[in-house]
Number of protein chains: 2
Amino acid sequence: MTMLKGKDIILSLLYKDALTGYEIMERIQNRLGYFVEGSTGMIYPALKKLEKEGFITSEEIIQHDKPNKKRYTICENGRTSVQDYIESPISQDKFISDFLLRAYLETNPIKELVTHEIDQITKRLAKLIADNEAVIADMAAGQLFAYEFGKNMYQTQLNFLHRYLETEIRRSNPQDNL
Amino acid sequence: MTMLKGKDIILSLLYKDALTGYEIMERIQNRLGYFVEGSTGMIYPALKKLEKEGFITSEEIIQHDKPNKKRYTICENGRTSVQDYIESPISQDKFISDFLLRAYLETNPIKELVTHEIDQITKRLAKLIADNEAVIADMAAGQLFAYEFGKNMYQTQLNFLHRYLETEIRRSNPQDNL
DNA sequence: TCTGGCATGTAACCGGTTACATGATTAC
DNA sequence: GTAATCATGTAACCGGTTACATGCCAGA
């Protein structure tokens with residue numbers, strides 16, 4: 001029943017690699033962007049809290065070509081927490097769509113709405129591919145699966161939306177039906 | 001950029017019909033269940049607040065065969081708010097999946113995970129159909145669109161997951177490849 | 001009497017949104 | 001000089017989760 005929390009997402013990522021806050025944010029927004037969310041306002045405070053609570057440790061990394069950064073490493077406590085998470089009941093997928101709510105409210109054709117949505121999803125799909133295709137060779141089975149899942153979803157959504165537009169055009173131009 | 005809020009969902013529903021809290025909850029969880037969320041803990045306090053702020057009014061309805069109820073009616077203020085919402089920028093769809101995060105973390109085959117997800121989605125699809133098919137004749141264009149969209153998404157997800165299981169079986173039983 | 005559907009609520013908690021703030025370094 | 005990328009943060013606010021609490025009515 002309990003929803004997926006930032007803590008679980010972050011610790012899960014740190015379970016595999018030691019990462020900086022910036023890297024965590026990138027991964028969440030890019031590679032995992034299809035199915036989780038994360039902003040600086042969530043990630044940095046969460047990291048701080050996780051360190052204070054003894055789930056992770058940090059070390060400063062001095063860089064000369066770029067700003068310094070802090071790398072976080074998971075510790076025993078954190079690994080246990082991830083195990084607990086994995087053994088906990090799986091929470092339901094959640095899909096929130098402002099687009100569909102607006103569509104739902106409309107009595108009239110929703111061409112502009114759909115066109116806008118096609119735009120959005122096209123961009124998101126392109127980003128998903130761009131962010132993942134480069135690392136595809138290094139992906140574990142599950143990562144590849146999640147990526148393919150997301151790609152498939154976006155493509156299906158696009159197909160559905162395009163199909164809608166086509167039937168709309170046919171409806172409004174009946175003379176095309178030869 | 002701002003996310004879809006309970007207020008917008010509720011006022012949007014009340015824009016079309018006067019409804020009780022219970023009816024709003026039912027609609028959100030059933031017909032709109034594919035793309036928005038709502039629980040008593042969100043809906044009743046929100047209704048109270050919306051009334052206090054003058055977006056809606058309420059009247060008590062006495063029933064003899066069932067418990068009494070309160071019907072909420074949107075007023076001018078509320079209609080304006082819905083207009084503002086409709087004119088505001090569309091916020092991005094949001095998909096949160098505990099299932100995909102767990103899949104992402106796995107190095108090993110994820111058959112059980114996928115099987116569980118198939119179960120979940122099958123149930124949700126059945127519920128979506130059950131909740132909508134009865135009222136399909138009364139649906140406005142947009143409502144039908146949203147419903148078809150959700151159905152299509154669930155079906156695609158199921159196809160993808162089934163396909164995964166099949167290829168997994170083939171991978172683990174190569175002798176089947178005659 | 002007890003289950004199930006109808007119906008309305010409360011309250012603590014907290015997690016995350018939103019927006020703002022800062023600064024190093026590189027390349028143009 | 002300034003835009004872009006890298007990098008880390010803060011803080012107020014509030015919205016919703018979670019869980020609990022209550023009660024009516026019908027039918028088995």
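Convention: sequence-line order gives letters A, B, ...; per-chain numbering from 1.
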Checklist entry - Which part of the nucleic acid, if any, lies within reach of B:Ser39 when heavy atoms closer than 4.0 Å are counted: base, sugar-phosphate only, or nothing? => result base

Next on the checklist: Output the rounded distance in Å from CD1 (A:Ile61) to C1' (C:dA24).
Outcome noted: 16 Å

Item to check | 5′-ward residue of the pair A:Lys5/A:Met25 relative to DNA chain D | outcome: A:Met25

Item to check | Between D:dG23 (C1') and B:Ile62 (CD1): distance, integer Å | outcome: 15 Å

Item to check | Closest listed nucleotide, where the reference is the side chain of A:Glu37 and the choices are D:dT10, D:dT18, C:dT17 | outcome: C:dT17

Next on the checklist: Starting the side chain at C-beta, find the nucleotide from D:dT17, C:dT10, C:dG15 nearest to A:Lys49.
Outcome noted: C:dG15

Checklist outcome for this item: Judged by nearest nucleotide, the residue sitting upstream toward the 5' end of DNA chain C, A:Pro67 or A:Pro45, is A:Pro45

Item to check | Atom-pair distance (CE on B:Met42; C1' on C:dG9), nearest Å | outcome: 15 Å

Checklist entry - Is there a donor in the side chain of A:Tyr164 and an acceptor in the side chain of A:Asn159, or the other way round, less than 3.5 Å apart? => result no

Checklist entry - Reckon B:Gly21 touches a base, only the sugar-phosphate, or nothing at all at heavy-atom distances under 4.0 Å? => result sugar-phosphate

Checklist entry - For residues B:Tyr85 and A:Asp98, is any side-chain donor paired with an opposing acceptor at under 3.5 Å? => result yes

Checklist entry - Which is true for B:Lys7 with a 4.0 Å heavy-atom rule: it touches a base, it touches only sugar-phosphate, or it touches nothing? => result nothing

Checklist entry - OP1, OP2 of C:dA24 versus side-chain N and O of A:Gln63: anything below 4.0 Å? => result no

Item to check | Distance, rounded to the nearest Å, where B:Asn68 contributes CG and D:dC25 contributes P | outcome: 8 Å

Checklist entry - Taking atom CD of B:Glu87 as the centre, does the number of heavy atoms from other residues, nucleotides or ligands within less than 6.0 Å exceed 12? => result yes

Item to check | Sugar-phosphate, base or nothing in reach of B:Gly6, heavy atoms under 4.0 Å | outcome: sugar-phosphate

Next on the checklist: Is it the case that the ring center of B:Phe160 lies less than 6.0 angstrom away from the ring center of A:Phe145?
Outcome noted: yes

Checklist entry - D:dT8 phosphate, OP1 or OP2: any side-chain N/O from A:Tyr44 under 4.0 angstrom? => result yes

Checklist entry - Just checking, is any N or O donor in the side chain of A:Tyr147 or A:Glu133 under 3.5 Å from an acceptor N or O on the other one? => result yes

Checklist entry - Quick one: is B:Tyr22 getting a side-chain N or O under 4.0 Å of the C:dT8 phosphate, OP1 or OP2? => result no

Item to check | Euclidean distance, atom NZ of residue A:Lys48 to atom C1' of C:dG15 [Å, nearest integer] | outcome: 16 Å

Next on the checklist: Rounded to whole Å, please give me the gap between CG in A:Asp65 and C1' in C:dA27.
Outcome noted: 13 Å

Item to check | Whole angstrom value for the distance that separates P of D:dG27 from NZ of B:Lys66 | outcome: 11 Å

Checklist entry - What is the distance, rounded to the nearest whole Å, between atom NZ of A:Lys94 and atom C1' of D:dG15? => result 11 Å

